[in-house]
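Beneath this line is the structure, given in structure tokens, with notes to follow.
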Amino acid sequence: MLKTYSMDLAGRNLTIETGELAGLANGNVLVRYGDTVVMVNVTASKEPKEGIDFFPLSVDYEEKLYAVGKIPGGFTKREGKAADKAILVSRAIDRPIRPLFPKDFRNDVVVVATVLSVEPDNSPEVCAMIGASAALSISDIPFGGPTAAVKVGYIDGEFVINPGLEQRAKSELDLTVAGTMDKIAMIEAGAKELPDDKMLEAIKRGHVEIKRLCEFIAKIRDEIGKPKFEYKSFEVDHDIYEEIEVNFKDRMYKDVQAIEKEARDKNMEVLAEDVKTYFVEKYGEERAEEIKVDIADSLYKLEKKCVREMILKEHKRPDGRAIDEIRPLSCRVGLLPRTHGSAVFTRGQTQVLTVATLGMAKEEQLLDGLDEETSKRYIHQYNFPGYSVGEAKTSRGPGRREIGHGALAERALVPVIPSQEEFPYTIRVVSEVLSSNGSTSQASICGSTLALMDAGVPIKNPVAGISTGLVTDSENPDNYVMLTDIQGLEDFFGDMDFKVGGTEKGITAIQVDIKIDGLSYNIIEEAFARTRKARKYILDEIMLKEIAKPRDELSKYAPKTITTTISVDKIKDVIGSGGKVINKIIEETGVKIDIEEDGRVFIYADNKENAEKALKQIEDITREIEVGEFYEGTVARIMPFGAFISLGGGKEGLLHISKISKERVEKVEDVLSIGDKIIVKVLEIDDQGRINLKKVGDQGE
């Protein structure tokens with residue numbers, strides 16, 4: 001039976017419908033926001049997945065092109081693999097809900113958000129995040145929600161909730177924030193160097209609406225929600241854990257403090273073997289084999305407990321650093337001689353090589369999705385090969401994590417990239433993770449800034465990235481320790497990965513992952529203060545000492561470019577029938593040419609001379625011939641009554657025999673030859689467009 005619930009959200013009607021569609025799913029809702037419609041279905045397996053030590057949650061955000069009245073391209077005419085944007089939204093849906101499932105829950109849970117209709121002013125991403133929380137809340141799947149999400153913009157000094165299409169184009173902020181009634185659960189943001197206090201205020205403004213949405217979803221849950229089903233708990237066996245803790249905690253506490261990751265990993269391998277031997281000797285090989293999973297889970301739990309106790313009680317980190325201390329930093333630019341720009345950035349055992357490439361305007365990336373954005377000229381990609389963590393595995397293309405980290409670094413740098421008018425290139429930056437021990441995405445931001453400056457890209461301000469972590473006391477949430485520049489182990493066993501990219505002026509990107517039920521405003525404010533201080537240090541003391549500003553000249557291997565603007569009605573003249581004219585220019589000069597619909601022309605060449613030669617030809621074609629003006633022309637044809645002079649761009653004028661010289665000319669050939677360059681003045685353009693000329697120079701003009 002159809003149930004419909006409505007509320008006002010940012011001056012528009014938000015409706016959640018349930019009970020009519022997808023009756024076999026554990027939970028189903030249809031979210032309507034204006035003409036945007038998203039259906040969310042959630043399902044759970046009846047039995048847990050054996051042999052895993054994590055909660056198997058899958059989230060898919062499915063973009064259907066019929067939602068915006070498009071037919072997919074390609075031979076099959078159906079949607080293919082998920083676009084990067086869809087993957088990023090899937091991650092945004094996942095992050096706030098994942099911590100709210102029971103820690104000992106191992107049943108498969110699948111969330112599918114299907115976009116059915118899109119009105120550009122109303123974000124389907126927000127509808128999907130709200131719908132996922134609502135569907136889980138009313139289902140029988142164990143879930144500790146609700147959560148909710150909104151977008152926040154900042155326009156002309158005012159915060160705007162869920163900005164429309166025109167507002168988004170003017171906004172200095174693109175913030176997606178999710179949370180519960182009490183805390184912030186997820187932050188994803190891009191901004192134009194927004195100060196910390198403004199960002200915090202934006203988060204608070206968003207949370208006001210989130211609380212209203214949570215109340216709305218809770219009301220629906222209380223009215224029609226199903227009882228949560230019983231599940232098999234995968235809590236670590238208490239007796240086995242206790243025995244391992246009693247006998248091996250002191251050793252674990254010591255072994256986990258190896259400064260180098262390789263040494264620590266080796267310590268853990270040896271400890272695991274010794275624990276196995278202990279159980280074999282005490283209980284026999286058969287019993288030890290039966291409980292090997294419990295032993296492994298107990299060791300993981302003990303390692304986590306030791307790391308967290310060390311940080312929380314002693315303010316001591318596994319590698320010996322102070323809680324606000326950054327790992328050793330270094331960087332170098334210009335490593336690769338034939339690329340357009342390159343840099344390597346190293347932070348502790350995390351190392352990222354970034355390479356920048358400059359291309360033609362038409363090489364921008366085309367986007368085929370539901371978004372109003374159809375292309376982008378700044379592209380940032382991130383690769384995470386197995387060797388970066390010492391694993392022997394082949395590369396199989398970017399996964400969701402790689403796409404997410406690349407998007408974060410891209411978002412951090414987009415606000416400082418010069419406009420196409422200032423720098424008429426498509427820019428591709430690729431970050432190759434060479435070694436990973438935490439915060440590779442933030443090292444990518446730093447390395448990319450350096451590579452862009454090495455390439456001579458006139459970025460507005462250098463950008464650095466840093467991560468802070470958190471360890472909280474489960475018994476007293478007000479007792480916590482924040483860590484600056486977290487390494488892999490602290491990220492793995494900690495409660496938060498708060499990533500912030502920005503310039504000295506302000507924040508350009510945020511991504512927050514948490515494993516607890518949310519963050520207080522105080523924690524967020526402290527994280528902003530920590531990251532601001534760290535960014536300034538990284539920029540001033542490390543990056544800008546290696547390269548203080550973008551190089552004055554591009555690499556000799558980068559294409560040289562000249563831009564001009566021609567009248568729109570002259571575009572057809574430059575291109576010519578079947579591309580004949582433009583192809584002739586390209587063949588003669590060796591350049592590449594892009595012509596935009598608005599008349600902007602981009603000429604790319606290996607050297608400036610060829611680019612200028614092509615520019616002159618284009619200017620000749622588009623030039624308007626005017627009476628009284630002087631032009632350099634070339635003798636194209638000779639007739640008994642005079643010569644036809646090519647003025648460029650396919651235009652010819654007649655130089656009558658009487659206008660060649662002050663003296664009488666008997667034969668044109670006595671004075672002119674085909675191919676001669678002469679200066680002429682336009683005397684007349686008749687009603688039929690015929691141009692009459694006069695030779696100047698020897699007639700005193």
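Basis for what follows: all heavy atoms, side chains included, without hydrogens, waters or symmetry-related copies. Counting from 1, the numbers follow the sequence of the chain as shown.
Atom NZ of Lys81 sits in a sparse spot, with 12 or fewer heavy atoms from other residues, nucleotides or ligands closer than 6.0 Å. No more than 12 heavy atoms of other residues, nucleotides or ligands lie within 6.0 Å of NZ in Lys505, so this atom counts as exposed by the packing criterion. Around atom CG of Asp8, more than 12 heavy atoms belonging to other residues, nucleotides or ligands sit under 6.0 Å away. Taking a 6.0 Å sphere around NZ of Lys70, one finds it holds more than 12 heavy atoms contributed by other residues, nucleotides or ligands. Counted within 6.0 Å of CD on Glu47, heavy atoms from surrounding residues, nucleotides or ligands total 12 or fewer; the atom is thus considered open. Shown here is Lys460, whose NZ atom has more than 12 heavy atoms of other residues, nucleotides or ligands within 6.0 Å. Within a 6.0 Å sphere centred on CD of Glu309, other residues, nucleotides and ligands contribute more than 12 heavy atoms. A 6.0 Å sphere centred on OH of Tyr231 holds more than 12 heavy atoms belonging to other residues, nucleotides or ligands.
In plain terms, the two heavy atoms of Ser444 and Val352 that are nearest each other are OG-CG1, 3.9 Å. Between Glu63 and Ala83 the shortest heavy-atom distance is OE1-CB, 4.2 Å. Residues Asn437 and Thr350 come closest through the heavy atom pair N-OG1, 2.9 Å. Across every non-hydrogen atom of Tyr66 and Val115, the tightest pair is CE1-O, 4.3 Å.
Side chain of Ser133 to main chain of Ile130: no donor-acceptor pair is present (N/O by atom type, distance under 3.5 Å, no hydrogens or angles). Judged purely by atom type and a 3.5 angstrom limit, Ser139 uses its side chain to pair as donor or acceptor with the backbone of Leu136. Looking at Gln442, its side chain never comes within 3.5 Å of a backbone N or O of Ser439 through a donor-acceptor pair. Side chain of Asn122 to backbone of Tyr33: a donor-acceptor contact under 3.5 angstrom is found. Judged purely by atom type and a 3.5 angstrom limit, Thr18 uses its side chain to pair as donor or acceptor with the backbone of Asn28. The backbone N or O of Phe384 lies less than 3.5 Å from no partner atom in the side chain of Ser388, so there is not a single donor-acceptor pair. A donor-acceptor distance shorter than 3.5 angstrom exists from the side chain of Arg317 to the backbone of Ile323, with no hydrogens or angles considered. Formation of a donor-acceptor pair under 3.5 Å by the Ser171 side chain with backbone atoms of Gly153 is not found in this model. A donor-acceptor contact shorter than 3.5 Å links the side chain of Lys515 to the backbone of Phe492. No donor-acceptor distance shorter than 3.5 angstrom exists from the side chain of Thr449 to the backbone of Pro462, with no hydrogens or angles considered.
Judged purely by distance below 3.5 Å, without hydrogens or angles, the side chains of Gln365 and Tyr378 never pair a donor atom with an acceptor atom. For Ser375 and Glu364, the side-chain atoms include at least one donor-acceptor pair closer than 3.5 Å. Using a 3.5 Å distance cut-off with no hydrogens or angles, the side chains of Ser123 and Lys151 do not pair a donor with an acceptor. If you check the side chains of Asn461 and Glu504, you find no donor sitting under 3.5 Å from an acceptor. Counting only N and O atoms by type, the side chains of Arg530 and Thr468 include no donor and acceptor under 3.5 Å apart.
Exactly one residue among Thr15, Ile16, Leu21, Leu2 makes a side chain to side chain contact (heavy atoms under 4.5 Å, CB included) with Leu30. That residue is Leu21. Looking at Gln381, His380, Lys376 one by one, the single match for side-chain hydrogen bond (donor to acceptor under 3.5 Å, both in side chains) with Glu410 turns out to be Lys376.
Taking the six-membered ring where tryptophan is involved, the planes of Phe229 and Phe105 are tilted, since the angle between them lies from 30° to 60°. Phe101 and Phe143 have tilted rings, their planes meeting at an angle from 30° to 60° on a 0 to 90° scale.
Judged by a 6.0 Å distance limit and a 45° cone about the ring axis, Arg106 is not positioned over the six-membered ring of Phe55. Relative to the six-membered ring of Tyr5, Lys219 misses at least one condition, a distance below 6.0 Å or an angle of at most 45° to the axis.
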Requested in this report: Show the numbers, then the answer: is there a salt bridge (Lys or Arg N to Asp or Glu O under 4.0 Å) between Lys228 and Asp140?
Outcome: CA-CA 4 Å; Lys228 302 302 183 184; Asp140 58 349; over 6 Å; no
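Side chains of Tyr480 and Asp473 form no contact here, defined as non-hydrogen atoms less than 4.5 Å apart. The shortest distance between side-chain heavy atoms of Ile187 and Gln511 does not fall below 4.5 Å. In this structure the side chain of Ile52 reaches within 4.5 angstrom of the side chain of Lys49, judged on heavy atoms. When side chains are defined from C-beta on, His405 does not count as touching Val433, because their heavy atoms never get closer than 4.5 Å. Using a 4.5 Å cut-off on side-chain heavy atoms (C-beta onward), Arg32 and Leu14 make no contact.
Atom CG of residue Asp497 and atom CD1 of residue Ile486 lie 4.0 Å apart, to the nearest 0.5 angstrom.
Between Lys183 and Asp517 there is a salt bridge, with a side-chain nitrogen of the basic residue lying less than 4.0 Å from a carboxylate oxygen of the acidic one. Using a 4.0 Å cut-off between charged nitrogen and carboxylate oxygen, Lys85 and Glu125 count as a salt-bridge pair. Using a 4.0 Å cut-off between charged nitrogen and carboxylate oxygen, Asp495 and Arg308 count as a salt-bridge pair. Salt-bridge check for Glu17 with Lys3: failed, with every basic side-chain N at 4.0 Å or more from each acidic carboxylate O. Under 4.0 Å is where a charged nitrogen must lie from a carboxylate oxygen, and between Lys499 and Glu188 no such pair does. Salt bridge Arg327/Asp485: present, at least one basic N to carboxylate O contact under 4.0 Å. Ion pairing between Lys204 and Glu201 fails under the 4.0 Å rule for side-chain N and carboxylate O.
In this structure, the ring of Tyr300 has its center less than 6.0 angstrom from the ring center of Phe493.
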